[in-house]
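All figures in this text were calculated on a predicted structure; none of them were measured in a lab. Here is how names work: the chains are called A, B, and so on, in the same order as the sequence lines, proteins then strands, and each is numbered from 1.
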2 protein chains.
Amino acid sequence: MRCAAAQRVSRGCALTVTIREVADAAGVSTATVSRALSGVQTVDPELVARVRESAESLGYRANRVARALRRQSTQTVGLVIPDITNPFFPAVVQAIERELRHDGLSLLLCDAGNDVDVEAELVRNLFDHQIDGLLISACDRIASRPAVQLAASRVPVLQIDQQTVAEVPYVGVDQADAMGQIIGHLRDQGCQSFAYIGPRPEIPTARERFDAFADRVKPVDPAAANRTYLGDSSIAWGHEAANRILADGPPPDAIVCANDQAALGALQALREHGVKVPGDVALTGFDDTVLATACEPQLTSVSQPLEELGARAVRELSAAIGQELRQPRSVLLEASLVIRGSSRRLPPTG
Amino acid sequence: MRCAAAQRVSRGCALTVTIREVADAAGVSTATVSRALSGVQTVDPELVARVRESAESLGYRANRVARALRRQSTQTVGLVIPDITNPFFPAVVQAIERELRHDGLSLLLCDAGNDVDVEAELVRNLFDHQIDGLLISACDRIASRPAVQLAASRVPVLQIDQQTVAEVPYVGVDQADAMGQIIGHLRDQGCQSFAYIGPRPEIPTARERFDAFADRVKPVDPAAANRTYLGDSSIAWGHEAANRILADGPPPDAIVCANDQAALGALQALREHGVKVPGDVALTGFDDTVLATACEPQLTSVSQPLEELGARAVRELSAAIGQELRQPRSVLLEASLVIRGSSRRLPPTG
DNA sequence: CTGAAAGCGCTAACAG
DNA sequence: CTGTTAGCGCTTTCAG
């Protein structure tokens with residue numbers, strides 16, 4: 001009489017094949033099947049061949065739930081991000097998922113919708129799933145800390161892009177350096193007075209960008225401190241803020257934006273007022289999203305290495321999960337300035 | 001002597017608390033704890049209170065891996081998409097994740113990178129995880145079929161946006177109707193000759209859009225069949241195709257694009273050639289992405305109900321997983337035309 | 001090198 | 001209504 005699995009296959013039922021059935025088919029114990037397939041212990045080559053063949057012909061695939069329960073390791077990592085519709089994330093998420101897969105890990109994705117309470121619940125939920133590691137890009141510079149700290153006490157955690165807890169490793173991009181590149185470029189173009197449009201600094205990168213702007217600009221243009229417009233990350237805010245800049249007095253030589261959305265909104269507002277970009281006002285974005293090349297003139301922006309960010313994050317986390325490291329290491333990547341029409345007032349020197 | 005969990009807590013270890021420990025603390029059996037917390041069977045109210053209190057104070061959270069193994073249900077669904085960096089997906093994914101969470105389900109996200117072989121492997125992988133259901137937006141109209149069919153033989157499957165297998169339910173948007181709205185609008189604006197720029201119809205929606213264009217335009221402009229430019233979904237292809245249109249003869253009254261990327265590329269090419277939009281040529285996009293409002297003139301486009309798409313998909317799949325339905329039902333949603341400057345040649349009538 | 005047996009944490013069947 | 005017991009599918013001792 002044939003075994004249960006073969007009967008099911010012959011009946012056309014594509015249901016689950018268990019290790020028991022492979023063992024019966026190969027005439028060995030389940031322990032031997034497990035060892036032969038995982039290669040964790042030396043097994044008679046002939047048995048290995050028989051087991052492989054049986055497994056193959058039955059279409060056996062190990063049940064990861066059962067394995068996880070026994071091994072106390074799910075080979076699964078959680079990813080918590082504030083908002084996948086933020087154009088920054090898709091490329092990062094894609095790289096993360098791909099790299100995890102290469103390491104045999106799977107991804108539980110959670111979108112916190114920029115809500116700290118949801119975020120905390122998501123982290124708890126992920127622990128119910130017994131994740132082996134966590135990647136998190138926090139919603140809030142302060143309010144997200146408890147969730148990150150709790151998580152880090154349980155499994156390897158890597159903060160992505162946003163560092164809210166200094167003690168927990170993170171992989172990010174050097175925001176201050178990037179902002180420095182922007183200001184340096186604008187000064188090279190002859191700009192001497194500056195304004196800033198960006199979101200309120202509720203998350204670390206927003207704050208880093210803003211602080212770096214203030215630092216770099218203060219020596220040249222102390223009055224810039226009075227021309228900082230903090231709202232949200234929308235095109236609408238860029239539009240609104242640019243209107244206020246024009247209403248508040250003579251426009252500065254340059255408007256520095258903390259993201260491309262703000263720059264695009266500002267560009268539209270400036271155009272409506274007949275202010276020429278870059279002739280009257282130089283304009284810069286940040287993040288080098290698809291928006292930067294959609295408008296006319298195209299936006300000078302800062303390109304962050306999104307794929308590398310995701311890939312490095314996984315490499316570090318993965319090493320920590322695989323016990324090669326006690327804890328993931330922090331990594332700081334460099335962004336690169338992409339100069340386009342919105343800020344180009346002088347022909348390139350050289 | 002105190003139980004193991006209490007000892008760990010007092011030592012500051014935030015490790016896992018098992019149901020055994022809750023049972024000991026409450027002085028009942030593990031079965032009673034399970035019943036009291038899940039509410040699946042009536043339990044003495046006083047015991048329920050004691051159990052709740054113990055669970056609460058120990059910080060007990062059920063291990064979903066163990067539960068899944070026992071219940072033969074992980075409360076987890078897989079989502080396979082071709083490319084998360086395609087601007088269509090983030091909003092859909094966000095809605096899916098949110099709705100799943102409301103139903104107590106978790107999301108395993110997989111990005112196939114537009115590769116059919118990867119896609120097939122991802123589906124197998126998801127089954128190793130014992131997913132309770134699958135949402136899939138297939139990479140290829142033909143080559144993705146085996147993977148979708150295999151999946152559908154195992155768990156409830158819902159095709160998202162792309163229907164590759166007619167027998168498997170799907171949630172999508174009526175592409176033909178949307179294209180009909182575009183053509184109707186352009187004709188209202190007085191356009192009589194048309195060109196089409198889009199991707200090669202490797203996926204169902206691309207084909208539906210193209211076929212609908214051909215159908216609707218043929219009666220008015222038979223020559224349009226010679227002005228169809230099929231490439232990929234990039235801005236670069238839109239640019240290239242528009243250049244070819246201008247090179248191939250006098251421009252048509254309207255260029256219909258299968259996505260906003262193509263329309264944007266075309267807009268840039270037309271501008272470079274001094275062709276006025278919408279004066280000389282009316283132009284339309286598709287999908288109403290962020291690109292549509294980034295350029296000047298802004299693009300007339302078709303807005304698809306992305307959140308609703310995700311939400312409906314989850315509703316149907318969730319019902320099937322919860323046994324309320326044998327199989328998810330198909331849903332066809334309507335898109336809506338968003339008229340902007342790129343196609344507006346006449347003042348609105350009325 | 002192989003098999004028997006235990007058990008991961010939970011839930012459901014079965015008695016009481 | 002509650003406890004005892006078995007067992008989900010797998011891996012890993014422990015004997016042999």
Side-chain angles (χ1 to χ4, degrees), chain A residues 3-5 8 15-52 54-55 58-76 104 127-132, chain B residues 3-5 8 15-52 54-55 58-76 104 127-132:
Chain A
C3 72
R8 286 209 303 265
L15 288 175
T16 280
V17 178
T18 69
I19 197 170
R20 173 81 264 151
E21 292 159 341
V22 177
D24 289 350
V28 296
S29 71
T30 58
T32 300
V33 173
S34 175
R35 290 192 279 245
L37 295 178
S38 71
V40 72
Q41 199 178 314
T42 42
V43 175
D44 184 317
E46 196 203 326
L47 286 190
V48 172
R50 241 164 59 208
V51 167
R52 284 239 177 86
S54 304
L58 293 173
Y60 171 74
R61 302 211 116 217
N63 181 328
R64 299 186 64 148
V65 173
R67 171 179 289 171
L69 183 60
R70 176 62 233 227
R71 287 206 193 153
Q72 300 288 63
S73 155
T74 54
Q75 300 292 98
T76 290
F127 281 115
D128 298 347
H129 278 280
Q130 311 295 117
I131 50 168
D132 287 349
Chain B
C3 71
R8 286 208 302 265
L15 291 174
T16 280
V17 178
T18 69
I19 198 170
R20 173 80 265 153
E21 292 161 340
V22 177
D24 289 349
V28 296
S29 70
T30 57
T32 299
V33 174
S34 175
R35 291 191 280 245
L37 295 179
S38 72
V40 72
Q41 199 178 313
T42 38
V43 175
D44 184 315
E46 196 202 326
L47 286 190
V48 173
R50 241 162 62 207
V51 167
R52 284 240 176 83
S54 305
L58 293 173
Y60 171 75
R61 301 211 116 215
N63 180 329
R64 297 186 66 148
V65 173
R67 171 179 290 172
L69 182 60
R70 176 65 233 227
R71 286 205 194 154
Q72 300 288 61
S73 153
T74 54
Q75 300 292 98
T76 289
F127 281 116
D128 297 346
H129 278 279
Q130 312 294 117
I131 49 170
D132 287 349

Name the pairs: protein N/O against N/O of nucleotides 5-7 of chain C, kept only if under 3.5 Å.
from, atom 1, to, atom 2, distance (Å)
C:dG7, N2, A:R70, NH1, 3.4

Interatomic spacing from [atom1] in [X] to [atom2] in [Y] - rounded to 0.5 Å:
X	Y	atom1	atom2	answer
B:Q130	A:T16	CD	OG1	5.0 Å
B:R35	B:T30	CZ	OG1	8.5 Å
B:Q72	A:N63	CD	CG	7.5 Å
A:D132	A:R71	CG	CZ	10.5 Å
A:D24	A:I19	CG	CD1	11.0 Å
B:S38	B:R67	OG	CZ	7.5 Å

Can you measure [X] atom [atom1] to [N] atom [atom2] for me and round it to whole angstrom units?
X	N	atom1	atom2	result
B:D132	D:dC8	CG	P	18 Å
B:I19	D:dC8	CD1	C1'	15 Å
B:R20	C:dC10	CZ	P	11 Å
A:Q130	C:dC10	CD	P	8 Å
B:L37	C:dA12	CG	P	13 Å
B:Q41	C:dT11	CD	P	13 Å
A:R35	C:dA4	CZ	P	11 Å
B:R50	D:dC1	CZ	C1'	13 Å

Check your understanding: Counting just side-chain N and O atoms, does A:T32 come under 4.0 Å of either OP1 or OP2 of C:dG3?
Key ->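 Yes.
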Practice item. Check whether any side-chain nitrogen or oxygen of B:T42 sits under 4.0 Å from OP1 or OP2 of D:dC1, and answer yes or no. Key: yes
Nucleotide nearest [X] when distance is taken to its side chain, options [options]:
X	options	value
A:L69	C:dC8, C:dC10, D:dG3	C:dC8
B:N63	D:dT2, C:dG3, C:dC10	C:dC10
A:V43	C:dT2, D:dT2, C:dG9	C:dT2
A:R71	C:dT11, D:dT12, C:dC10	D:dT12

Check your understanding: Starting at the 5' end of DNA chain D and moving along, which residue's nearest nucleotide shows up first, B:V28 or B:Q72?
Key ->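 This one resolves to B:V28.
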Check your understanding: If you find the nucleotide of DNA chain D closest to B:A66 and the one closest to B:D44, which residue's nucleotide is nearer the 5' end?
Key -> B:D44
Check your understanding: Toward the 5' end of DNA chain C, which comes first, B:V40 or A:S29, by nearest nucleotide?
Key ->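 By nearest-heavy-atom nucleotide position, the 5'-most residue is A:S29.
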**Study point:** Note, B:T76 side chain near B:H129 side chain (heavy atom, < 4.5 Å)
**Key:** no
Practice item. Can you establish whether the number of heavy atoms outside B:R20 located under 6.0 Å from its atom CZ is more than 12? Key: yes
Exercise for review: Looking at every strand, decide which applies to A:A68 at a 4.0 Å heavy-atom threshold: base, sugar-phosphate, or nothing.
Suggested key: nothing
